[in-house]
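Below, all heavy atoms of this structure are taken into account, side chains as well, without hydrogens, waters or symmetry copies.
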Amino acid sequence: QMCIRDRYWMVKSSLPVSTSQSIVGAIIGWNFYSDKPTDYRILSEIVSTWILCPLLSGIIAITLFYITRFWLKHAKIHLLRLDSYTRIGLILTGAFGAYALGSNNIGNVMGVFVDANPLQGFTWHSFHLSGTQLLFLIGGLAISVGIFTRSGIIMRTIGKKIMVMTPIVAWIVVISQSIVLFLFASQGLESFLSGHNLPTLPLVPISSSQAVIGAVMGIGIAKGGHNVRWNILGKIALGWITTPLISAVICFISLFFLENVFNQVVYLP
């Protein structure tokens, strides 16, 4: 609940913030209050993705931008056919993006509840869902509700306020974000890289908002940076810095009130 309040304030301000940053900040606040140790090795891996994620997304977006521009310049496709290709590409890319987003963000939304999950398994004829699967189903439904009710202002910030995007640019942004989310959630890729003694990407939930902002910045840089509203990007970057701090403080204060005002047991010594 602590990280939800933090994220809600940021969304009300039209700033795309990171759920993973909110969760991590809240957990650190909990650890400080309960005097529990923090695994700084895991924490450093997660924090490193806050830099690596937008950087990698930007690099992929720049690469795809130049490849796509080169192909469009030499393919000489009729305008109507190009429009059809663009529409089909956006639909397919949106589906891939939704898949990558779900595989990553469900860990942010419901991962902290797995050990304390009170749900029992559900069986109907030959169809069965475990308690954990039911938990993830509830999280997926909650994400869907959030998309319909609260995502509009964030979409406008990313799609219009930072930089005006053509359908082709929007496709590059979405596919770049999707690739990055998929890379950080792919156990197969991690096993392949480690099996060949190559550097691996940490399998931790990363920020979809950081990935998409990194892609938008990459396209803006590739186009010369003149049509990018850097003041809005500055506010977003400031939100990324303050989000885990605010979440940790809210968590610490909330635990204090729960324990000392409402006499609730908030942790086991």
Side-chain angles (χ1 to χ4, degrees), residues 2-29 43-65 97 100-101 104-105 107-109 146 150-165 169-170 172-181 183-184 201-202 204-251:
M2 294 72 171
C3 73
I4 292 172
R5 295 170 191 164
D6 174 30
R7 185 169 174 83
Y8 179 79
W9 291 344
M10 293 294 185
V11 170
K12 288 286 287 184
S13 302
S14 302
L15 296 177
V17 296
S18 166
T19 306
S20 60
Q21 286 183 318
S22 298
I23 289 287
V24 170
I27 292 174
I28 292 175
L43 180 61
S44 64
E45 285 187 357
I46 295 174
V47 172
S48 69
T49 65
W50 299 349
I51 300 173
L52 183 60
C53 170
L55 179 62
L56 183 59
S57 183
I59 292 172
I60 293 173
I62 291 172
T63 303
L64 289 176
F65 174 77
L101 185 66
N104 190 281
N105 272 17
N108 289 328
V109 176
R150 305 302 307 176
S151 65
I153 54 178
I154 300 299
M155 289 181 183
R156 285 191 290 272
T157 297
I158 296 173
K160 292 183 178 181
K161 292 183 180 181
I162 298 176
M163 182 181 70
V164 177
M165 290 185 280
V169 170
I172 295 173
V173 168
V174 174
I175 194 66
S176 300
Q177 175 204 24
S178 304
I179 290 173
V180 170
L181 292 175
L183 290 177
F184 279 93
L201 295 174
V204 297
I206 61 171
S207 168
S208 57
S209 60
Q210 288 181 336
V212 73
I213 294 299
V216 173
M217 286 184 62
I219 296 295
I221 292 172
K223 298 177 71 173
H226 304 298
N227 58 345
V228 178
R229 296 176 180 172
W230 296 103
N231 61 324
I232 295 179
L233 284 176
K235 293 179 181 179
I236 294 173
L238 182 62
W240 290 351
I241 294 172
T242 57
T243 291
L245 299 176
I246 295 173
S247 187
V249 171
I250 292 175
C251 181

Closest contact, heavy atoms only, [X] versus [Y]:
| X | Y | value |
| --- | --- | --- |
| A215 | A61 | O-CB, 3.5 Å |
| A26 | C251 | O-SG, 3.2 Å |
| V169 | M163 | CG1-CE, 4.2 Å |
| H226 | K223 | CD2-O, 4.4 Å |
| G220 | V228 | CA-CG2, 3.5 Å |
| V212 | S209 | CG1-O, 3.2 Å |

May I ask you to test the [X]-[Y] pair for a side-chain heavy-atom distance under 4.5 Å?
| X | Y | result |
| --- | --- | --- |
| V24 | W50 | yes |
| P202 | T49 | yes |
| V173 | I219 | yes |
| V180 | C53 | yes |

Separation of [Y] [atom2] from [X] [atom1] (nearest 0.5 Å):
| X | Y | atom1 | atom2 | value |
| --- | --- | --- | --- | --- |
| F184 | I179 | CZ | CD1 | 13.0 Å |
| S48 | L43 | OG | CG | 9.5 Å |
| S207 | Q21 | OG | CD | 6.0 Å |
| L52 | E45 | CG | CD | 11.5 Å |
| L181 | Q210 | CG | CD | 10.5 Å |
| I175 | L64 | CD1 | CG | 7.5 Å |

- Checking S247 side chain against T243 main chain: does a donor-acceptor pair fall under 3.5 Å? no
- Message: Could you walk me through whether V216 and L233 satisfy the side-chain contact (heavy atoms from CB on, under 4.5 Å) test, starting with their C-alpha distance in whole Å, then the side-chain angles of each, then the deciding distance to 0.1 Å, before giving a yes or no?
- Response: CA-CA 10 Å; V216 173; L233 284 176; 5.8 Å; no
